[in-house]
Each structure stands twice: as structure tokens, then as C-alpha cells.
Amino acid sequence: MTNILEIKQETTSTKEKSLILWFDEVSINDIPLVGGKNASLGEMMQQLAPKGINIPKGFATTAYAYRAFIKTAGLEAKLRQLFADLDVENIKNLQQRGKKARALIMKTPFPAELERAITINYKTLCYFCGQDTDVAVRSSATAEDLPDASFAGQQETYLNIHGIKSLLKAVHKCFASIFTDRAISYRTSRNYDHFDIALSVGIQKMVRSDLATSGVMFSIDTETGFPNAALITAAYGLGENVVQGAVNPDEYLVFKPTLQQGFSSILNKRLGTKAVKMVYDGSNSTKNISVPYRKQQQFALSDDEILQLAQWVVVIENHYSQVRGSYTPMDIEWAKDGNNDTLYIVQARPETVQSQKSSNVLHTYHLKDQGKVLVTGRAVGQGIAQGNVCVILDKHKIDKLQPGEVLVTNKTDPDWEPIMKKASAIVTNQGGRTCHAAIIAREMGIPAIVGCENATQLLEDAQAVTVSCAEGEVGMVYEGLLPFEDVETVLDDLPETRTPIFMNVGNPEEAFRLSAIPNDGVGLARLEFVIANHIGVHPLALLNFDEVMDEVEKAKIAKLTMGYETKADFFIDRLAYGMGTIAAAFYPKPVILRMSDFKSNEYANLLGGKQFEPDEENPMIGWRGASRYYHPKYRDAFGLECVALKRVRDQMGLVNVIPMIPFCRTPEEGEKVLREMSKYGLERGQNGLQVYVMCELPSNVILVEQFAEVFDGFSIGSNDLTQLVLGLDRDSALVAQVFDERHDAVRRMIEMAITTAHECGRKIGICGQAPSDYPEFARLLVELGIDSISLNPDSVLKTRFEVAKLEVNSSITPRTVSFSEHMGR
């Protein structure tokens with residue numbers, strides 16, 4: 001033992017002139033000595049291993065060793081001459097220069113001192129880890145893993161290396177890989193001098209993930225930059241497949257704030273195909289083999305392992321943020337050793353994409369030229385989009401739509417949503433501003449024009465058009481591709497409002513992105529979107545799977561629910577993930593979550609739904625909302641929603657969720673619903689649980705005092721309230737012109753609801769579009785002291801400015817409600 005340690009000490013006498021440094025001898029301050037990757041491993045070995053994070057042993061050749069090799073062999077002058085006429089824009093030129101540079105390095109032998117140092121330290125590692133121990137050999141450049149430039153993946157990595165001869169060859173190849181074509185091009189684009197950068201090589205004990213699993217995780221949501229979620233990916237075998245994108249891994253999303261409070265805050269689990277895995281091939285290399293289908297259909301990690309990795313993500317991110325003096329999201333590689341079932345961290349670097357973006361920007365669209373107007377209708381959103389027309393009259397042909405085309409149709413329903421995100425814009429014959437197409441277009445951030453009456457006759461397939469919703473209430477479809485501009489406004493001086501401005505949210509996949517828009521919470525989260533798009537099956541078809549008569553639909557349900565012992569658990573899981581993601585995106589702000597409000601015809605469109613739904617003449621005012629929840633034919637299905645909600649609040653720790661009951665006709669119905677909820681442990685007042693009710697029926701307004709005894713708060717649904725007060729179908733183009741939330745009859749109902757709710761000591765908000773469309777309507781709400789205004793995402797910023805002006809100019813001081821009051825604290 002003494003001789004081995006003396007040998008190790010002999011080769012690492014001083015850091016700056018050392019050929020080799022062990023990970024436990026370096027820190028994040030030593031990037032100039034061992035590069036970003038190895039410095040980070042050393043930092044974690046020293047600072048985080050004592051906190052329980054497992055880091056495999058290893059050492060690194062130094063930047064000094066690389067420079068000594070280049071200098072003693074006289075390589076710099078030869079390489080500079082080789083790169084004298086380098087042109088990275090000329091692929092052939094780049095490939096030729098890179099190939100010659102790598103060959104030059106590979107033909108130049110290592111100095112004897114460097115070979116000896118690598119040999120001695122590898123023997124030391126073998127003493128600790130076993131004879132001819134297998135190692136990973138990874139390049140680590142001195143300009144790598146920086147917060148503003150990753151350089152990750154520019155140089156090579158070699159796995160399953162054992163024996164000194166193979167190790168020396170792998171290190172030599174890593175040195176040469178400083179001149180891979182991609183590394184040369186990347187450095188040139190970033191204005192880095194090729195010879196200012198040195199290469200360190202990390203030699204690290206291999207984690208036998210070829211016998212288990214591995215993956216990558218981020219301490220930030222990679223798509224949106226949302227900082228409170230940890231994203232973990234996992235696949236079978238060695239991690240290179242995940243890093244290189246050669247496999248479709250599992251994905252797990254964990255909410256960090258409540259995780260740190262001790263909750264099991266897994267927001268989502270998405271099964272990847274994991275079709276292949278990288279394993280040892282019996283020599284100094286690896287190979288890919290197929291994964292049995294049964295294993296593909298299983299998650300690669302248990303919930304306990306997911307939570308363990310997420311805890312490590314938090315510890316690592318917190319540490320590096322403290323070291324760097326600013327928030328530093330991290331990109332981390334992990335691996336599980338199949339021999340001892342132990343998790344390890346094998347790399348950690350700063351995330352360099354989302355962390356560099358600014359979300360504090362408002363987009364305003366302006367059409368720069370006028371053209372021939374082909375079609376007009378009611379504008380939804382404030383954007384402008386272009387593309388070729390795609391007319392679809394049959395929903396069974398929706399796959400006809402190609403990405404970027406303008407969808408033109410009669411009307412849409414939830415069956416269309418999977419393809420609507422492909423469209424650059426939507427144009428419909430029927431509907432008003434609150435129809436399905438309008439709601440979905442707002443959520444997706446694309447312009448839509450609805451109620452055109454004859455768009456499908458006037459517009460033709462493949463016709464190039466510009467869709468403009470940036471010119472007021474009337475939307476225009478122009479002939480041709482007209483020039484327009486998107487003006488970005490930095491929101492440095494966003495005004496505060498005494499009236500909380502909430503947001504309407506439906507799609508959990510959009511929740512993280514939408515939460516970046518300044519807001520005070522969510523006034524309406526719609527479960528129907530989750531059920532239609534992320535579940536797709538009627539809950540009663542899951543509860544009564546054996547009784548489903550349609551064999552084709554039964555087979556589809558069986559495929560969707562594969563891996564679930566109880567098919568109803570599929571519904572609970574997906575719904576809880578959807579609820580939890582929206583709640584987490586806006587945590588700790590209040591999130592008012594409306595329980596399912598499908599009509600019978602919409603439920604019938606779900607898999608297995610027709611068998612369990614009645615055929616109603618007017619489902620808009622039929623069996624919907626509260627009347628379903630306690631009905632003997634549906635109460636068990638509502639129970640699944642309750643179980644999911646219970647999980648979100650109690651297991652995930654997201655107590656900011658406030659459930660809301662829709663279409664509750666009488667206070668007695670409300671009491672029946674609360675009794676149903678209590679069967680599943682959802683008791684008003686326990687764990688801070690509040691229950692709201694939609695105020696969307698004349699009976700809700702007339703009987704506010706009685707409803708206030710049953711519920712904790714109200715949310716005015718101005719869309720349904722308007723159609724029921726005025727007696728019209730809001731989706732009918734024939735009477736769309738009568739639909740107006742500003743009508744005196746509607747205004748009086750809203751005034752009565754707000755005034756009486758406040759007299760009863762209850763909170764009341766509104767979740768309709770009218771305040772953003774009509775300044776006078778917003779003024780009424782502000783002067784009445786509405787507790788919150790909830791809007792579609794595209795209207796939140798504009799309305800915040802308008803409400804701020806109204807509050808300044810209003811002679812009546814609005815009633816304000818703090819977050820703690822909203823949450824009943």
C-alpha cells in the first residue's frame with residue numbers, strides 16, 4: 001500500500017507542472033489544468049461525495065501534459081501551417097484539414113514520461129478497483145462546460161477500456177480528437193484560437209451500466225427553461241446511446257420545490273421505446289444489442305431511483321449556483337452499476353441553452369402591406385401567420401394537414417387537437433370567440449379566425465395566404481404571403497395591478513412555457529384537455545373494460561393501458577400528471593382546477609365512450625358538470641378524478657390546487673358533490689382544501705347566498721352565463737352576432753354575483769375573454785372589485801396594462817386579495 005501511494009504522490013507533486021492529477025486533487029477552479037469535465041468531477045468528489053453523491057474514482061492527464069506533448073514534438077508549427085488556409089464553410093476543406101491534423105498527432109509518439117505517468121496511475125486505480133479494471137476515457141478541454149459555451153461532445157470518449165496498452169491508445173486518440181471536424185468548426189465559430197485550448201483526458205472507473213441503466217438529467221426543463229423541474233432520461237445499457245440520441249429513452253419530470261419538502265413529486269413519466277442498449281462486446285469496445293419487447297414496455301427506473309436522482313440534481317445545482325455566485329442550471333450524466341445496484345454521477349456541466357435565453361419579452365405583430373381580402377371573421381389572438389391552405393371537411397382525413405399549413409374547416413372539436421398544433425393558423429366557418437377552435441388556438445399561440453361562414457368555399461387547397469388577427473376584432477385572410485413584423489418588447493417596466501391577473505390553462509405541455517408570462521396564478525385549468533389528449537379513453541370504459549363491446553376500441557384501450565394491472569390506474573396516473581404539471585408550473589400561486597366538464601357528445605368521442613353515453617338532443621344544457629359527479633351511472637368515474645386530485649395535493653405536495661365544480665345547478669347538487677369528494681378523502685378545510693364553484697348559470701347568481709354556504713369561492717364563466725341569459729347557442733354562426741358579454745342583462749347578472757359574493761365573504765373571479773376584448777367590461781369588473789380576472793395567455797399582458805390604467809383612473813378603489821387570502825391562509 002505504501003509503495004503505491006508513494007508512486008501516486010511522485011507523479012503529482014505540484015498541480016501546475018503535473019502530468020497527472022487525481023479527481024480528489026482538483027476542484028472547479030482547476031479548469032485551466034484539467035478542463036471543465038474533469039474539474040467538475042473533482043469538485044463533486046471533494047464537495048458532494050461527503051453529502052452522499054456517488055462519484056467513480058479516477059484521474060486525469062493534465063493540460064500541461066498535452067502542451068508538453070505538442071511542444072516537444074514540434075507539432076504546433078506543423079498544425080498552424082496545416083490550418084493556414086482552413087475554411088470551415090467548405091466542408092471538403094474542413095474534412096481534409098481535420099483528417100491530416102488527427103493523423104499527425106496519432107503518428108507522434110507520447111513522451112516517455114507521460115507514458116510512465118499514465119501507467120503508474122492506472123496501476124494505482126487497479127489496486128483500488130481490481131486488476132485490469134475497465135475504465136471510461138473521456139476528453140476534457142480547457143474551454144469546455146463553461147456557462148456560455150459548452151463545447152460538450154466536440155472530442156471523443158472511449159468506453160470499456162482495460163489494460164495499459166489499450167488505455168495509452170485511447171488517451172492518444174483523445175488527444176487527436178481535439179481536431180475533430182466538429183471541434184474545429186465549433187471553435188472557429190466561437191472565435192477560439194485552436195492553440196489556446198489544451199486537452200485533458202479523464203480516466204474513470206467504468207460504472208457497469210451495461211448490466212443496468214443510465215441516462216442524462218437536467219436541473220431545468222430543456223424545452224421551456226422552467227427552473228423548478230428536473231428532467232431525467234433513462235435507457236438500458238451504457239449511457240452513450242442516450243447522449244448521442246441513438247435511443248428513445250424514458251423521461252421523468254420531478255418538481256424540485258416540493259421534492260425538497262419530502263414529497264414524492266414525480267410530475268410525469270413517459271415511456272420510451274428503448275429498443276437497443278450498448279453493452280460490452282468482450283474486448284476493448286462496445287456494441288448495441290436489441291432490448292426484448294417486454295423490457296421496452298417497462299420503465300427503466302423505479303420511483304425511488306427517480307426521486308434519488310432528482311435529489312442529487314438539486315444538491316448539484318445548489319452547489320454550483322453557490323460556487324458561481326449565480327443561478328446555474330446543470331446538465332448531468334448518471335449511471336447505475338448492475339453489479340451492486342448503485343447509482344453514480346459520471347459527469348456534470350452547466351446547461352447552456354435555456355439558461356442563456358430571456359423570457360421577459362412581449363411580441364407585437366404588424367402587417368406591413370395590405371392585400372386582397374379573401375375571407376373575414378372574428379379574430380382570435382393577436383398574431384399573424386402564413387402558409388398554404390389545407391381544406392379539411394371530414395375529421396377522418398385530418399392527417400392530410402402538413403406542418404405549417406393553414407387549417408381551414410367547418411369547425412373543430414377535441415378529436416382535431418392532435419393535428420391542430422401542426423397548423424400555422426386556423427380558419428373555420430362556424431363558431432364564436434369561445435368555440436373550441438378559438439380556445440385551442442389561443443392555448444397554442446397561433447392566430448385563428450372563426451365564424452367566417454364560407455371559408456371552405458372561398459379558400460382553396462395549396463393557396464398561399466396570410467392570416468392576420470392583429471387588426472382588431474375582425475380577422476382577415478389575405479391573398480398571398482404579405483410582409484409583416486414581430487416587434488419584441490422587453491418587459492422591464494411591467495405595471496403592478498391591485499386586481500390579480502390570472503391565466504386560463506388547458507394543456508399541461510404548455511404550462512411551463514406559459515408560466516413565464518407575468519401572472520398571479522391560474523383562474524381556470526381545464527381537465528377536458530388532459531382527458532381528451534393525454535388519456536383518450538372514457539373512464540367508464542376503463543372501469544368496465546370487460547364489458548366494452550366494440551372489439552376494435554377494446555383492443556386500442558388494451559394497448560394504451562399496457563403495463564397497468566388495473567386499467568383505471570391509467571386514467572388516474574395520466575390525470576394526476578396533467579393536474580400536477582399545471583399546478584407545479586405556477587406553484588405556489590393558486591391554481592383553480594375545474595373538474596371535467598365534457599358534454600355527453602364529447603364524452604362519446606372518447607374510446608369506448610359511445611356505449612356509456614346517452615344520446616341527448618341538447619347536450620350543452622344536459623348531463624354535464626355536477627349532475628354527473630353524484631349520479632349512480634357516473635359517480636365511480638368522478639371518483640377517479642378525486643383520487644388523482646388527492647394524489648396531487650397529498651403525495652406531490654401541490655396544495656395550491658383549488659378544485660372547482662362546473663355547471664352546478666343548485667346548492668343541493670353542490671352538497672351531493674362534496675359528499676362524493678369526501679369519500680375519497682377530499683374534505684373541505686382539511687390540508688387547506690377549498691372548493692370553488694363556477695358561476696355560469698342564472699341560478700348561481702340568484703342563489704349566491706346559498707351557494708356561498710356550500711363553496712369557498714366563485715368563478716364567473718361569462719361564456720356560458722351569456723348564452724344562458726340571452727338564450728342562444730354560442731357556437732352557432734347564425735346567432736353569433738347576438739352573443740355579447742356586454743349586454744345589459746349579462747352585466748347586471750355579473751354585478752349581482754360580485755356584490756352578493758362579497759357580502760357573503762366569498763372570493764369571486766372571472767375566467768372569460770371579455771375583459772381583454774372590451775375595455776369597458778374590464779372597467780366594470782375593476783370598479784366592482786372583482787377578486788381576480790383570468791384570461792387566455794395571449795391576453796394577459798395587454799390586459800395587465802389596461803387594468804393598471806383603469807385602477808389609476810377609477811374613482812372606486814378595487815377590493816384586493818392577497819395570495820395568502822386566495823389560498824385561505
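No hydrogens, no waters, no symmetry mates; every other heavy atom, side chains included, goes into these values. Nothing fancy with the numbering, it's 1 onward along the sequence.
- Figure legend: cation-pi geometry between R208 and Y280, with NZ or CZ positioned under 6.0 Å from the six-membered ring centre and within 45° of its axis.
- Side-chain N/O atoms of H194 and R187 include a donor and acceptor closer than 3.5 Å.
- With a 6.0 Å radius and a threshold of 12 heavy atoms from other residues, nucleotides or ligands, K57 has its NZ atom at or below the threshold.
- The backbone N or O of E305 lies less than 3.5 Å from a partner atom in the side chain of S302, making a donor-acceptor pair.
- L48 places none of its side-chain heavy atoms less than 4.5 Å from the side chain of W312.
- The shortest side-chain heavy-atom distance between L167 and I203 falls under the 4.5 Å cut-off.
- Taking 4.5 Å as the limit, every side-chain heavy atom of L253 sits out of range of all side-chain heavy atoms of F226.
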Exercise. Assess whether side-chain hydrogen bond (donor to acceptor under 3.5 Å, both in side chains) is satisfied between Y344 and S209, documenting all intermediate values.
Key: CA-CA 10 Å; Y344 293 88; S209 59; over 6 Å; no
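- Of the residues L527, L645, V643, V648, the one that meets the side-chain contact (heavy atoms from CB on, under 4.5 Å) test with L575 is L527.
- Taking the six-membered ring where tryptophan is involved, the planes of W22 and F59 are tilted, since the angle between them lies from 30° to 60°.
- For Q298, the CD atom is densely surrounded, since the number of other residues' heavy atoms within 6.0 Å is greater than 12.
- A heavy-atom distance below 4.5 Å is found between the side chains of Q311 and L259.
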